[in-house]
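Quick notes on the structure that follows.
These values consider heavy atoms only, across backbone and side chains, with no hydrogens, waters or symmetry-generated copies.
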Amino acid sequence: MTLRREAPSARGARFEILIAADLMRQGWTVFRSLSPIGRTDLIALKHNVLVKIHGRSTLNSWNKAFDGNDVLAVVDAGGGPVRYTSNDVQ
């Protein structure tokens, strides 16, 4: 049996779902983008605060990831915890 490599788009979608699940556990209402090429992956809402989130599996292109987003969510490729960085901390 040969294992197939995960397509980059499938990997990104999987990470977005992990981030969304983590945010929902924290009480956020989460909306996911339908477009695979948009700048913002997720929108989260809690207590009338709206946050635009870009999810990544690496810290490469750090500043570009914040382009139009408030938060960068980084998921470890091994499935570790989600780490969040605010645009305010750059």
Side-chain angles (χ1 to χ4, degrees):
M1 174 190 225
T2 305
L3 293 177
R4 295 175 74 185
R5 230 180 119 106
E6 186 177 30
S9 60
R11 180 180 177 176
R14 183 169 53 88
F15 287 159
E16 288 170 16
I17 296 296
L18 288 171
I19 295 165
D22 184 61
L23 289 166
M24 288 187 287
R25 275 192 297 274
Q26 296 178 47
W28 291 85
T29 300
V30 181
F31 302 90
R32 186 166 171 244
S33 175
L34 293 175
S35 171
I37 58 170
R39 279 191 226 169
T40 301
D41 296 319
L42 302 166
I43 301 253
L45 179 65
K46 183 176 181 182
H47 304 299
N48 293 325
V49 174
L50 185 111
V51 180
K52 295 182 287 182
I53 303 165
H54 183 76
R56 301 195 55 101
S57 63
T58 177
L59 290 178
N60 293 345
S61 305
W62 174 278
N63 289 330
K64 187 177 179 184
F66 277 116
D67 188 22
N69 294 295
D70 305 308
V71 171
L72 175 63
V74 181
V75 179
D76 182 81
V82 181
R83 294 171 289 157
Y84 299 95
T85 302
S86 168
N87 197 6
D88 299 337
V89 202
Q90 287 191 63

Quiz item: Considering all heavy atoms of both residues, which atom of Phe15 and which atom of Val75 are nearest to each other, and what is their separation?
Solution: CD2-CG1, 3.7 Å

Quiz prompt | Exercise: identify the closest heavy-atom pair between Tyr84 and Val71 | solution = CD2-CG1, 3.9 Å

For residues 45-52, which side-chain donor-acceptor pairs fall under 3.5 Å, sequence neighbours excluded?
| unit_1 | atom_1 | unit_2 | atom_2 | d |
| --- | --- | --- | --- | --- |
| Lys46 | NZ | Gln26 | O | 2.7 |
| Lys52 | NZ | Gly68 | O | 2.9 |

Exercise. Quick one: pull up CD1 in Ile19 and CH2 in Trp28 and give me the separation to the nearest 0.5 Å.
Key: 14.0 Å

Taking only distance into account, with no hydrogens and no angle test, what donor-acceptor pairs under 3.5 Å do side-chain atoms of residues 36-44 form with protein atoms, sequence neighbours excluded?
| unit_1 | atom_1 | unit_2 | atom_2 | d |
| --- | --- | --- | --- | --- |
| Thr40 | OG1 | Asn69 | OD1 | 2.6 |
| Asp41 | OD2 | His54 | ND1 | 3.3 |
| Asp41 | OD2 | Gly55 | N | 2.8 |

Quiz item: Which salt bridge (Lys or Arg N to Asp or Glu O under 4.0 Å) pairs, counting each pair once, include a residue from residues 23-32, with sequence neighbours left out?
Solution: Glu16-Arg32, Asp22-Arg25

Self-check item: Shared hydrophobic cluster, Met24 / Leu18 (ILVMFWY, side-chain heavy atoms < 4.5 Å)
Solution: yes

